[in-house]
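Only one structure is covered here, and it is reproduced in the block below.
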There are 2 protein chains.
Amino acid sequence: MGTVTPLRRRDAARSREQLLDAATVLFAERGFDRTTVREIGEKAGVDPALIARYYGSKTGLYIAALHAETGDEVPPDLLQHGRMTRLLGRVSRRGAGPVFQAAVRAHDDASAQDAARAELQARLVEPLRVRFEAKGLDRPRLRAELAVAAFAGIALGRGAGAFDALADAGPDDVAALTEQLLQGLEAPVNRG
Amino acid sequence: MGTVTPLRRRDAARSREQLLDAATVLFAERGFDRTTVREIGEKAGVDPALIARYYGSKTGLYIAALHAETGDEVPPDLLQHGRMTRLLGRVSRRGAGPVFQAAVRAHDDASAQDAARAELQARLVEPLRVRFEAKGLDRPRLRAELAVAAFAGIALGRGAGAFDALADAGPDDVAALTEQLLQGLEAPVNRG
DNA sequence: ACCTCATGTCATCATGTGTGGACATCATGT
DNA sequence: ACATGATGTCCACACATGATGACATGAGGT
């Protein structure tokens, strides 16, 4: 960070970064399929051919964007106070993001699918799993995945244009009800 | 039904039906985007050009398939006993279906989107809404949409290949936990 | 000043997709 | 038997998209 980077008219690192940023935004908004490399290039102000040069392919750029998104600290679980509201707010502003989309619809490309699944498991499923396990619930993994899938449905549903009330409600309202919903999973075993 | 239909080598009604059936299956399995008219034609044993003749366009066929799916009786709500297990079982066998997919991802085409939303509201949201309203819960519409969105996430998540435990669990196990989950929404108001 | 390589630009290809139209062929009424 | 309309087949267009490679151009070392 301390190094002075003179403004160069040709800067590979900068081009890479611009592509990554544009791709992150567009993939989050419109998903992988509905985002074209030309759109990415246009938004980034960079020739789309450079995607192939720097990331190998559109899929490579997608995977890079997926990993770059995970820049934060250790992820808290969904049920921790405030987490859900913040997450829902971000989804409202920036779109659901590629991870949630992958939760609900498989990718054509196998490597993209693997990367998305790994991200989903690490960032969302695993924290919930340890929470449920600490509570002594049975099948904590299944419960965690169920919760994440349900949350993904809600987060995506808000922007899908098929739910009126859900789309109009504020993030905090939705978060409150969603918390209430997910707490149904923390009840003790209920076998048939 | 009583009319004897002699086996004709050329039968427009039959061709229409074959196309509709094939489209129903394929749209349910792979969604609208990932299904091509050539695939539909091949599966139906009918020339794909007839889609344009009989349904106007691929979108027209999609809408027709959407409406044809709704051949059943008055839909019960998701929380009625047995309903969820049966629905999850069907999803496992035949795919999630276009309605759930539309719940989570908007269509490009406006008329397709409208049709899917109408179907979703009538078949899934509305029954739950009246249930919640009868229970005296506030914001019943929002609760109903939330529940449907969550269920859509779970149903789609099972086949998306991002959740291991969720995909491996049996429909009845998933249904039991999902019921438990959704019952969290039937709790009384919990305003902040 | 010049050489060399990184970087960027552009044209183009290969492929897939929905749609429309020209033509063939069967069924049916007279 | 023949005419006519319905039905089916086939070809090809127009377009979008991801990828590739040839070429131009700027930057930095010597």
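No experiment lies behind these values; they were computed from the predicted model shown. Chain letters run A, B, ... following the sequence lines, proteins first, then strands; residues in each count from 1.
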**Asked** Would Arg143(B) and Asp138(B) satisfy salt bridge (Lys or Arg N to Asp or Glu O under 4.0 Å), going step by step from the backbone distance to the final call?
**Response** CA-CA 8 Å; Arg143(B) 285 175 195 257; Asp138(B) 69 324; 2.7 Å; yes

**Message:** Could you go through Lys135(A) and Glu186(A), starting from their C-alpha distance and side-chain angles, then the distance that decides it, and tell me whether this counts as salt bridge (Lys or Arg N to Asp or Glu O under 4.0 Å)?
**Reply:** CA-CA 8 Å; Lys135(A) 285 211 158 201; Glu186(A) 294 195 290; 3.5 Å; yes

**Asked** Would Lys43(B) and Glu39(B) satisfy salt bridge (Lys or Arg N to Asp or Glu O under 4.0 Å), going step by step from the backbone distance to the final call?
**Response** CA-CA 6 Å; Lys43(B) 185 177 188 74; Glu39(B) 280 177 308; over 6 Å; no

**Request:** Both distances under 3.5 Å, Watson-Crick or G-U wobble: on that basis, could you give the dot-bracket string for DNA chain C, with [ ] for crossing pairs and | for other-strand partners?
**Result:** ||||||||||||||||||||||||||||||

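Using a 4.5 Å cut-off on side-chain heavy atoms (C-beta onward), Asp21(A) and Glu17(A) make contact. Looking at Phe100(B) and Phe151(B), their side chains come closer than 4.5 Å, going by heavy atoms from C-beta outward.
If you take CD of Glu42(B) and P of dT17(C), they are 12 Å apart, rounded to a whole angstrom. Rounded to an integer number of Å, the gap from CG of Leu19(B) to P of dT19(C) is 13 Å. Rounded to whole Å, atom P of dT17(C) lies 15 Å from atom CG of Asp108(B).
In this structure, the side chain of Glu126(A) does not engage the main chain of Gln121(A) through any donor-acceptor pair within 3.5 Å. Between the side chain of Arg158(B) and the main chain of Ala169(B), a donor-acceptor pair closer than 3.5 Å is present.
To the nearest 0.5 angstrom, Leu87(A) atom CG is 10.5 Å from Thr178(A) atom OG1.
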**Asked** Quick one: what's the B/S/- string for nucleotides 8-21 of chain D, heavy-atom cutoff under 4.0 Å, read 5' to 3'?
**Response** BBB------BBSBB

